[in-house]
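What follows is one structure encoded as structure tokens, with my remarks underneath.
Numbering of residues begins at 1 and proceeds along the displayed sequence.
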Amino acid sequence: MMTFHCKPKLVETAEGFSGLSDLVTDTKKSGARRKHEKSPKEAEDESRLPALEAAFTDILRGLGEDTDREGLLRTPLRAAKAIKFLTKGYHETIEDILNNAIFDEDHDEMVIVKNIDMFSLCEHHLVPFFGMVHIGYIPNKKVVGLSKLARIVEIFSRRLQVQERLTKQIAQGISEALEPKGVAVVIEATHMCMVMRGVQKMNSRTVTSTMLGIYLEDPKTREEFLSLSQRP
């Protein structure tokens, strides 16, 4: 009798496992579909690839290269995708990346995030410049997730830039988002347009700064930031 009563339970359990397996499979398929679905912004970016690819093909031909040789067959498409990634900041906003990461906090002392890696393209020669960004701000009852400061750097550096404007845009972007008592930004960068071409000075570095609010008005606050940001 025990065997008779156990069999239906085993069948029910097996059926339950089968239903759970189907549910998991359906969930995975749904997630995969969402992953491959493109946003309108991504679709728009994708639509630009053929024109960029054609432009790089023309550049290679202008250099005297044979675009049909094996090593260059897919180079125009790869270059088009690369330049799209390197300039993706044109299609991003601070509002997009902050994503409710601003928090009420009764903190009014200096916050510094330094040595943020930065890569950008010089708008004059379309060659890279890269280095470190140091950011300081004094909260006015609001703080931001620290990783978001690095993401703000990313938004503005992934565009065709000059270092002077990049420094100011980062500072102004943080100031507008947080409305702090002050913002300070310093960028130290190496410009390949000075290393690979032109004067070819291998060890040259360019330093720019933007000070807003109390950092501009109070020399002691400014000096504290500059001192802390330059420590190893």
Sequence-distant partners of Q172, side-chain hydrogen bond (donor to acceptor under 3.5 Å, both in side chains), two or more places apart
none
What distance separates H91 NE2 from K84 NZ, expressed to the nearest 0.5 Å?
7.5 Å
Other residues, nucleotides, ligands: >12 heavy atoms within 6.0 Å of D106 CG
no
Return the set of residues passing side chain to side chain contact (heavy atoms under 4.5 Å, CB included) with T210 (not counting sequence neighbours), or none when no residue passes.
T167, K168, A171, L212
Closest non-hydrogen contact found for P180 with Y137 is CB-CD1, 4.1 Å
Closest non-hydrogen atoms of D117 and V153, given as atom of the first, atom of the second and distance, are O-CG1, 4.5 Å
Can you tell me how far apart CZ (R151) and CG (N99) are? Round to the nearest 0.5 Å.
10.5 Å
Nearest heavy-atom contact between M110 and T221 is CE-O, 3.8 Å
Does atom CD of Q200 have more than 12 heavy-atom neighbours, drawn from other residues, nucleotides or ligands, at distances under 6.0 Å?
yes
Determine, using the 4.5 Å side-chain heavy-atom cutoff (strictly less than), whether L49 and L86 are members of one ILVMFWY cluster.
no
Spatial distance of atom SG (C122) from atom CZ (F129) [nearest 0.5 Å]:
7.0 Å
Under 4.5 Å between side-chain heavy atoms, hopping through other hydrophobics if needed: is there a path connecting M196 to F119?
yes
With clusters defined by side-chain heavy atoms of hydrophobic residues (ILVMFWY) lying less than 4.5 Å apart, directly or transitively, does L60 cluster with L77?
no
Please check: side-chain N/O of K114 versus main-chain N/O of R231, any donor-acceptor pairing under 3.5 Å?
yes
Where at least one partner belongs to residues 200-232, residue pairs that pass ring pair (Phe, Tyr, Trp, His ring centres under 6.0 Å), sequence neighbours excluded:
Y215-F225
Could you give the distance from CD (E105) to NZ (K142), rounded to the nearest 0.5 Å?
11.0 Å
Of all residues at least two apart in sequence or in a different chain, which pass the side chain to side chain contact (heavy atoms under 4.5 Å, CB included) check with K88?
F85, E92, E154, R158
How many angstroms lie between CD1 in I135 and CD1 in I112, if you round to the nearest 0.5 Å?
11.0 Å
Grouping I, L, V, M, F, W and Y whenever their side-chain heavy atoms are under 4.5 Å apart, do I97 and V133 come out in a common cluster?
yes
Hey, could you give me each pair passing salt bridge (charged side-chain N to carboxylate O under 4.0 Å, His left out) that has a residue in residues 121-131? Not counting sequence neighbours.
E123-R165
Could you please spell out the steps behind the side chain to side chain contact (heavy atoms under 4.5 Å, CB included) verdict for L121 and V127?
CA-CA 5 Å; L121 288 177; V127 293; 6.0 Å; no
Hey, does the side chain of R159 reach the backbone of T87 with a donor-acceptor pair shorter than 3.5 angstrom?
no
Given T75 and E65, is the side chain to side chain contact (heavy atoms under 4.5 Å, CB included) satisfied, shown in steps?
CA-CA 12 Å; T75 296; E65 271 288 1; over 6 Å; no
Would you name the heavy atoms of L216 and M211 that are closest together and state the gap between them?
CB-O, 3.7 Å
Should K141 and D104 count as an ion pair when the cut-off is N to O under 4.0 Å?
no
ILVMFWY network linking L126 to L63, side-chain heavy atoms under 4.5 angstrom
yes
Any side-chain heavy atom of L52 within less than 4.5 Å of one from I83?
yes
Short question: side chain of S227, backbone of E223 - any donor-acceptor pair under 3.5 Å?
no
Output a table of donor-acceptor pairs, distance under 3.5 Å, between side-chain atoms of residues 181-194 and any protein atom two or more places apart or on a different chain; print 'none' if there are none.
from : atom 1 : to   : atom 2 : distance (Å)
E188 : OE2    : H134 : NE2    : 2.8
T190 : OG1    : R205 : NH1    : 3.1
H191 : NE2    : Q163 : OE1    : 2.7

My understanding is that only one of L98, V111, I152 makes a side chain to side chain contact (heavy atoms under 4.5 Å, CB included) with V144; could you say which?
L98
For I94 and G173, the nearest pair of non-hydrogen atoms, with its separation, is CD1-CA, 3.4 Å
Working to the nearest 0.5 Å, report the span between NE2 of H107 and CD1 of I138.
9.0 Å
